[in-house]
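Heads up: the structure comes next, in structure tokens.
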Amino acid sequence: MTATVDETVVLLPSAAYPEPTDRDLAVLREVGRHWQQALGGRRISISELPVDPDLAQRSGRLRSTSRMERFVGGDPGPGGDGTHGFHAAGRGTVVATEEAITPPHHVRLAQLRRVLLGPPLATTAIVQERLSNPVALAVLSSDALSSVAYGTEAMLSVLVLAGSSALGLSLPIGAVIVMLMLIVGASYRQTVRAYPHGGGSYIVAGDNLGRLPGLLAAAGLMTDYVLTVAVSVTAGVAAITSALPPARPYTVALGVAVIAFILAVNLRGIRQSGRVFALPTYAFVAGILLLIVVGLAQAAARGWTALPPPPARAVEGVGMLLVLRAFASGCSAMTGIEAISNGVPVFRPPEWRNARTTLSWMVILLAVMFSGITLLAHLDGTVPGQETVLSQLASHTFGRGVVYGYIQVATALILALAANTAFSDFPRLLYFLARDRFAPRPFLRMGDRLVYSNGIVVLAVVAALLVVAFHGVTDRLIALYAVGVFLAFTLSQLGMTVHWWRGRGERWVRSMLINGLGATLCAVVVAVIAVAKFVDGAWLVVIVVPMLVYGFLRVHAHYDCVEEATAPHPAAGQHRPIPFLPDGNGGGQGGRGEAGYQPPPEHAETPDQVRHLVIVPVAWLDLASLRALAYAVSVGKPVLALHVAPDEDEARRARRVWEAWGNHVPLEIIMSPYRAVVVPVVNYVAALQERHPKLTVSVVFPELVLRRRWHTVLHNHIPLRCRVLLRVRHGVVLTSVPFHPPC
């Protein structure tokens, strides 16, 4: 569900469980009536508990197993109050403070996480985590703005295949890309207005076009976000190695290290990441604008004469396919435009208005910087090579001095940190998919620092694997880059066109035309990229997107199956069971009798339908086993002890020990001449269940809890191995009684 804190929408894991309908409540009332019959009208009262669940120190005479027993609080211990950080918030509710969620001191990994990421933040702190427009521009626009560092270069890298003379085509191709930027930017302004609480492509396409288009948009965005991290980081490392050639052998290691750094910063929270990434973003923008102004001034001083590019041998002719491939590569400069429309909730109120303003500034800066770099590269005759185009332009304009170093450092930082945009939006997309049961539910979890930690970690791991797999080479990744994002653009804009057509509100015609034009142009780009870049690697994305959609549908089908299987139904508990007979007749065999029908163990839905047998595997009658037996007997159900003996001598020894103890619990010995222990226990339980299919078998294991991890190699792990095999059996309940030795 979503929680509202000072008009801020907080997306919580409970969104997976919607508000119950009237039908749901009616079913539960019917189930409750069956429980009332099974319990004979009796209810377990809070006064029957031996402690106060509110952890209050009470001394009033309240009903327990005896009317004279009292509620007692926890043992306060030296200097403590016994609450361990909980405090009461009304009858039946306690609140966990920061102390209550602090891991034990021996959990060193958890303590290290607190040191690295900081203390946990309460949900109410989301109000302070929202961003101002300047910081939001840095956080959500770094991907789009940084793409000018490689967008022009990607376009020129294709054109140079036809020789130096083909580089002049960069101007008309660049002009078309800038026009497309402005149209898509205007389209997303309409999206922000229509979805003021955040309108990512998945939500817009799903709401207006249906489930499958929404999932296609989500799959496209997921591939885009992963590639955004990989491409941005590798491009940033390329900027470093251009200035420091000795660092080139360490390209992959540097890329993985940068991803690890961005991961750590994002796990600390969105406001923390904003503080870290704001300065590099604005430093990069200032450096690029300075480069464009000074470079164009120098070109004007020589009469706007374009310098001849270095000679390049043509390896293919100038044709439509080459132009389309260059256009497709140049469109990589548009990735990230949708980020602000996805992240509207992170803005300060009024969120939608601030988001539209920030989006406008981002598109203007992007168009100016991309067109300026493209024009400057043409005037300076720059050809892509081992040194990046931006590095060549800065060197030609300022020389290898302080300003050149500043631009290279700013470029390296913004490219490396531009991945932060994906770290902001990718986890939020996974949250919405998990909310709709198309992705695993762990992605619903909001971590200690009010970020979706699981999604952030998954993004970092997958992106790091891509960097390693492609050896940190940007050009190899760009071929995969734009297919997914433009697919999402297309479906989002088409969804908005349908939205305006259905709503027909104020200025709906103008809005529909803007979104319709954006959808048409983006669809053309998708087709161009898919065809022109198919051989270069776009085929991989064309395959991955349908595979992701198939995975979403399989996950959804699983959740639907589980929901249907676990949903209460009005007939729950309406059959009255007959008593269990130890000889296997009657209810134990599943027959029908005068009292009713005894269901299989996992179909029992009221207390009187459960027929127990508690089994305690005992290797030796030590203190751990005695405590497990004591716990089993205290449950008040039939108990059977089980011992596995490899030979007759061991069996006789076990009988003597048992008789000396007093034979308080029946003992069954399994003779195992092949010395196996685990499998005989599992098969014995299976044999009991076959003789009595309606029996619920509870297996209680005594378990040593060791203080040091290396001690685990000194003990066998028979209880753990038994649990692994028994947990898959129907009608088996597994319980461990821990014993903590002091050594």
Legend entry - Inter-residue atom distance T696.OG1 - H730.NE2, 0.5 Å rounding: 12.5 Å
Legend entry - Counterpart residues, ring-ring contact (aromatic ring centres under 6.0 Å, His included), relative to F486 (two or more places apart): F489
Inset, instruction - For residues F701 and V737, determine if any side-chain heavy atom of one lies less than 4.5 Å from a side-chain heavy atom of the other. - result: no
Inset, instruction - Check the pair L433 / L429 against side-chain contact (heavy atoms from CB on, under 4.5 Å), numbers first and verdict last. - result: CA-CA 6 Å; L433 285 167; L429 172 61; 4.2 Å; yes
Legend entry - Note, M222 side chain near L430 side chain (heavy atom, < 4.5 Å): yes
Legend entry - Partners passing ring-ring contact (aromatic ring centres under 6.0 Å, His included) against F426 (at least two apart in sequence or in another chain): none
Legend entry - Close side-chain approach of H558 to R437, heavy-atom, < 4.5 Å: no
Legend entry - Validation row: V732, R727 side chains within 4.5 angstrom (heavy atoms): no
Legend entry - Value rounded to 0.5 Å, distance of OG1 in T191 from CD1 in I340: 12.5 Å
Legend entry - Shortest non-hydrogen contact from A218 toward Y202: CB-CD1, 3.8 Å
Inset, instruction - Drop me the distance from L216's CG to L548's CG, to the nearest 0.5 angstrom. - result: 10.0 Å
Inset, instruction - Taking the side chain as every heavy atom from C-beta outward, state whether T735 and V699 have any pair of such atoms under 4.5 Å apart. - result: no
Legend entry - Derivation and outcome, side-chain contact (heavy atoms from CB on, under 4.5 Å), residues V618 and L642: CA-CA 6 Å; V618 176; L642 195 63; over 6 Å; no
Inset, instruction - With the side chain counted from C-beta on, respond yes when L688 and Y684 share a heavy-atom pair under 4.5 Å apart, and no when they do not. - result: yes
Legend entry - Interatomic spacing from CG in D425 to CG in L140 - rounded to 0.5 Å: 6.5 Å
Inset, instruction - Check whether any side-chain heavy atom of V733 lies under 4.5 Å from a side-chain heavy atom of V697, and answer yes or no. - result: no
Inset, instruction - Mind checking side chain to side chain contact (heavy atoms under 4.5 Å, CB included) for A422 and listing every partner two or more places apart, or none if nothing turns up? - result: Y225, T228, V229, L459
Inset, instruction - For N208, check side chain to side chain contact (heavy atoms under 4.5 Å, CB included) against everything at least two apart and list the hits. - result: Y195, V204, V498, H499, R502
Legend entry - Minimum-distance pair of heavy atoms, taken over all atoms of A355 and V192: CB-CG1, 3.9 Å
Legend entry - Residue pair S201 / L221: nearest heavy atoms and the distance that separates them: CB-CD1, 3.7 Å
Inset, instruction - Mind listing the closest non-hydrogen atom pair of G455 and P427 along with its distance? - result: C-CG, 4.0 Å
Legend entry - Partner set under side chain to side chain contact (heavy atoms under 4.5 Å, CB included) for A205, not counting sequence neighbours: L209, A217, L491
Inset, instruction - Find out whether V681 and L725 are in side-chain contact, i.e. whether some heavy atom of one side chain is under 4.5 Å from a heavy atom of the other. - result: no
Inset, instruction - Could you please spell out the steps behind the side-chain contact (heavy atoms from CB on, under 4.5 Å) verdict for S453 and L267? - result: CA-CA 6 Å; S453 308; L267 289 177; 3.9 Å; yes
Inset, instruction - Give, for atom CD1 of I262 and atom CD1 of I456, the distance between the pair rounded to the nearest 0.5 Å. - result: 11.5 Å
Legend entry - Criterion ring pair (Phe, Tyr, Trp, His ring centres under 6.0 Å) on Y431 and Y452, from CA distance to verdict: CA-CA 8 Å; Y431 171 89; Y452 300 106; 5.1 Å; yes
Inset, instruction - Check I615 against V685 and note the closest heavy-atom contact, atom names and distance. - result: CD1-CG2, 4.2 Å
Inset, instruction - Quick one: pull up CG in D143 and OG in S424 and give me the separation to the nearest 0.5 Å. - result: 11.0 Å
Legend entry - Cation-pi, Y559 ring and R441 (6.0 angstrom, 45 degrees): yes
Legend entry - Sequence-distant partners of S187, side chain to side chain contact (heavy atoms under 4.5 Å, CB included), two or more places apart: I183, Q493, I514, N515
Inset, instruction - Identify, with sequence neighbours excluded, every residue that meets side chain to side chain donor-acceptor pair (under 3.5 Å) alongside S736. - result: E703, R723
Legend entry - Shortest non-hydrogen separation from A632 to V614 and the atoms involved: CB-CG1, 3.6 Å
Legend entry - Under the side chain to side chain donor-acceptor pair (under 3.5 Å) test, residues paired with Y550 that sit two or more places apart: R554
Legend entry - Sidechain-backbone polar pair: T490 side chain, A523 backbone, donor-acceptor under 3.5 Å: yes
